[in-house]
Every structure is written in C-alpha cells, then in structure tokens.
Amino acid sequence: MPNDFLSPADQAAAEQQQRLLAAQVVRHDQLPTTIRTVAGVDVAYAQHSDQLVAAAVLLDAATLEIRHTAVVRLGAAFPYIPGLFSFRELPPIQQALAQLPEAPDLVICDGQGLAHPRRFGLACHLGVATGLPTIGCAKTRLVGSYHALGHPRGSTAELVLDGEVVGQALRTQPGINPLFVSIGHRVSLATACHWVLRCAPTYRQPETTRAADHLVNQELHRLLAAALPPAPDGM
DNA sequence: GCGACAG
DNA sequence: ATCTTGTCGC
C-alpha cells in the first residue's frame with residue numbers, strides 16, 4: 001500500500017508522478033548544522049535475473065570510516081528506462097536504508113537529482129520519499145550541457161538545461177573524468193559539491209558509493225554462487 | 001526522421 | 001547495470 005506510488009501502472013503514469021512530486025523538492029540547505037554521518041546507497045543485479053541487490057552504508061562523516069551496513073534483495077518491479085530510473089531502484093534502496101540502526105544525516109546517491117528531464121531523478125525521489133537530505137552524484141550525464149572544466153581536483157562547470165543550472169560537473173581527482181552532482185533534497189548545489197568532494201579524497205567516486213558498491217557486488221556474487229550447480233571437485 | 005539516453 | 005581477458009602499474 002505505501003509502495004503504490006513506487007509502482008506506476010505504466011510509463012505515462014510514472015512521468016506524471018514525477019511532475020507531481022517534483023514540486024516537493026527542497027532546493028536549499030535544510031540539513032543538520034553538524035553532519036555526523038553520511039550514507040551511501042547502490043544497487044546491483046545479474047542480467048538474467050529479476051533480483052535486485054541493494055546496500056546502504058553509514059559512514060562517519062569526519063573519518064569516512066564505515067559504521068554500519070545493510071543489504072537487501074528484492075525482485076525488480078519496474079524495467080530500466082532512462083528518466084524513470086528511480087521506479088526501479090528506489091524500493092530496494094529504501095528497504096536497505098530502513099535496515100540501518102540509525103538514520104543518516106545525509107545521503108549520497110549513485111544517480112541524478114535535479115539534473116533530470118522533469119527535475120526528479122533518483123536522489124530527489126529518495127529525498128522526498130524519506131524526508132532525508134540527499135545528493136545526486138552520477139558518473140555520467142543524463143541531461144544538460146557544460147563547458148570544459150579545469151584539470152585540478154575541485155574544478156567545476158555548470159550543467160545547464162533549458163537555461164537553468166541543474167547541476168555541476170565536478171572533478172574529484174586531477175585529470176580524471178568529473179562526476180555530475182545535483183541537488184537531491186534539502187541540500188543546496190554548493191553544499192552538495194562540498195560534500196561529494198569531501199567524501200572523495202582519494203578516488204573518483206565518493207567513499208560512500210564505493211563502500212555500497214563493494215557490498216552489493218559481494219552479495220551478488222554470493223547469490224550467483226548459490227544459484228549455480230555445485231562444481232565437481234576433480235582431484 | 002535522427003541521435004541521446006542515470007544504472 | 002552486466003558480460004568478458006588480459007594487461008599495465010603501484
């Protein structure tokens with residue numbers, strides 16, 4: 001019942017749902033004065049399976065050390081369609097987040113926030129659905145255009161769509177492809193970039209995403225191994 | 001009509 | 001995202 005809005009009857013209904021919920025996105029800072037924990041979420045799946053594996057990881061915001069983790073498995077209820085990504089990945093992600101012993105002060109998502117055709121990417125959807133402050137942090141662009149950015153770590157370039165700044169291309173490591181950061185919910189674009197850069201001191205991707213990615217792949221491999229016929233040990 | 005298209 | 005083998009480098 002509470003998940004009805006996550007499983008629209010068809011594509012048109014899903015898009016209408018996005019237009020409706022997009023009005024609820026808070027684009028300014030409305031998060032704790034002191035951020036103590038930051039969470040990462042990610043999803044993985046096997047091509048010939050309808051099973052989605054999602055993970056939520058809670059990191060200490062000061063040290064970036066892992067404090068808690070949660071992994072869940074759930075059947076896919078929606079196909080992957082660019083622009084309707086959240087209807088596929090949000091259900092398992094929300095379940096994983098709910099399994100954490102405590103709610104995070106901030107969540108960094110693996111996907112877009114406002115940098116979306118209807119200004120309602122995964123990060124916005126998760127934020128509005130949970131009320132948590134969220135940031136969109138994607139590896140590639142979905143919409144908008146941007147100019148070349150500098151090579152140093154921390155260089156940025158505005159991502160523009162229909163004359164509106166919907167995000168920022170942010171270089172987290174010198175000379176390495178930038179990430180695409182956008183507002184999810186209750187976090188301004190400047191603050192979002194600040195936290196993504198802060199969480200990515202060593203690698204291109206923030207530690208939150210890296211930790212969640214590692215967990216889902218580990219769980220996926222366990223699933224695949226358990227599903228395959230036991231290999232004969234030829235000795 | 002022809003590309004582009006988060007994960 | 002997933003599939004897929006080796007290769008180059010710290």
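Naming: A, B, ... by sequence-line order, numbering from 1 per chain.
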Q) How would you label the contact of A:Leu84 with the nucleic acid (heavy atoms, under 4.0 Å): base, sugar-phosphate, or nothing? A) base
Q: Can you check each nucleotide of nucleotides 4-10 of chain C against protein heavy atoms at under 4.0 Å and return B for base, S for sugar-phosphate only, - for none, in 5' to 3' order?
A: -------
Q. More than 12 heavy atoms of other residues, nucleotides or ligands under 6.0 Å from CZ of A:Arg36: is that the case?
A. no
(Q) For a quick check of understanding: with a heavy-atom distance under 4.0 Å over all strands, which category does A:Gly136 fall into, base, sugar-phosphate or nothing? (A) nothing
Q) Dot-bracket for DNA chain C, 5' to 3', counting Watson-Crick or G-U wobble pairs under 3.5 Å, with [ ] for crossing pairs and | for inter-strand pairs? A) ..........
Q) How close do A:Ala22 and A:Arg119 get, heavy atom to heavy atom, and via which atoms? A) CB-O, 4.0 Å
Q: Heavy atoms only: give me the nearest A:Val72-A:Pro92 pair and the separation to one decimal.
A: CG2-O, 3.3 Å
Q. For A:Glu207, which residues count as a side-chain hydrogen bond (donor to acceptor under 3.5 Å, both in side chains) partner, sequence neighbours excluded?
A. A:Arg210
Q | Rounded distance in Å - CG (A:Leu74) to C1' (C:dA1) | A | 17 Å
Q. Quick check: are there more than 12 heavy atoms from other residues, nucleotides or ligands sitting under 6.0 Å from CZ of A:Arg153?
A. yes
Under 3.5 Å, which donor-acceptor pairs do the side chains of residues 180-192 of chain A form with other protein atoms, sequence neighbours left out?
{"residue": "A:Ser182", "atom": "OG", "partner": "A:Gly113", "partner atom": "N", "Å": "2.8"}
{"residue": "A:Ser182", "atom": "OG", "partner": "A:Leu114", "partner atom": "N", "Å": "3.4"}
{"residue": "A:His185", "atom": "ND1", "partner": "A:Val26", "partner atom": "N", "Å": "3.0"}
{"residue": "A:Arg186", "atom": "NE", "partner": "A:Gln30", "partner atom": "O", "Å": "3.0"}
{"residue": "A:Arg186", "atom": "NE", "partner": "A:Gln30", "partner atom": "OE1", "Å": "3.4"}
{"residue": "A:Arg186", "atom": "NH1", "partner": "A:Gly131", "partner atom": "O", "Å": "2.6"}
{"residue": "A:Arg186", "atom": "NH2", "partner": "A:Gln30", "partner atom": "O", "Å": "3.2"}
{"residue": "A:Ser188", "atom": "OG", "partner": "A:Asp29", "partner atom": "OD1", "Å": "3.2"}
{"residue": "A:Ser188", "atom": "OG", "partner": "A:Asp29", "partner atom": "OD2", "Å": "3.1"}
{"residue": "A:Ser188", "atom": "OG", "partner": "A:Thr191", "partner atom": "N", "Å": "3.2"}
{"residue": "A:Ser188", "atom": "OG", "partner": "A:Thr191", "partner atom": "OG1", "Å": "3.0"}
{"residue": "A:Thr191", "atom": "OG1", "partner": "A:Asp29", "partner atom": "OD1", "Å": "3.0"}
{"residue": "A:Thr191", "atom": "OG1", "partner": "A:Asp29", "partner atom": "OD2", "Å": "2.7"}

Q | Interatomic distance where CG belongs to A:Asp213 and P belongs to C:dA1 [whole Å] | A | 7 Å
(Q) Using the rule that Ile, Leu, Val, Met, Phe, Trp and Tyr join whenever any side-chain heavy atoms are under 4.5 Å apart, tell me whether A:Val53 and A:Ile66 fall into a single cluster. (A) yes
Q: Could you tell me whether the side chain of A:Gln168 reaches within less than 4.5 Å of the side chain of A:Tyr146, counting heavy atoms only?
A: no
Q) Just wondering, are more than 12 heavy atoms of other shown residues or ligands nearer than 6.0 Å to NE2 in A:His214? A) no
Q) Do the rings of A:Tyr80 and A:Phe85 sit parallel, tilted or perpendicular, given the 30° and 60° boundaries? A) perpendicular
Q) Mind checking which nucleotides bracket the chain A contacts on DNA chain B, 5' to 3', with an atom under 4.0 Å from a heavy atom? A) B:dA4 to B:dG7
Q.
Counting C-beta onward and ignoring hydrogens, is there a side-chain heavy-atom pair between A:Leu31 and A:Asp105 closer than 4.5 Å?
A. no
Q) What closest approach, in Å, do A:Leu142 and A:Gln112 show between heavy atoms, and which atom pair accounts for it? A) N-NE2, 3.5 Å
Q.
Short of 4.0 Å, heavy atom to strand atom, which residues of residues 40-59 of chain A count as contacting DNA chain C?
A. A:Ala44, A:Tyr45, A:Gln47
**Q.** Within one Ile-Leu-Val-Met-Phe-Trp-Tyr cluster: A:Trp195 and A:Leu59, side-chain cutoff 4.5 Å
**A.** yes
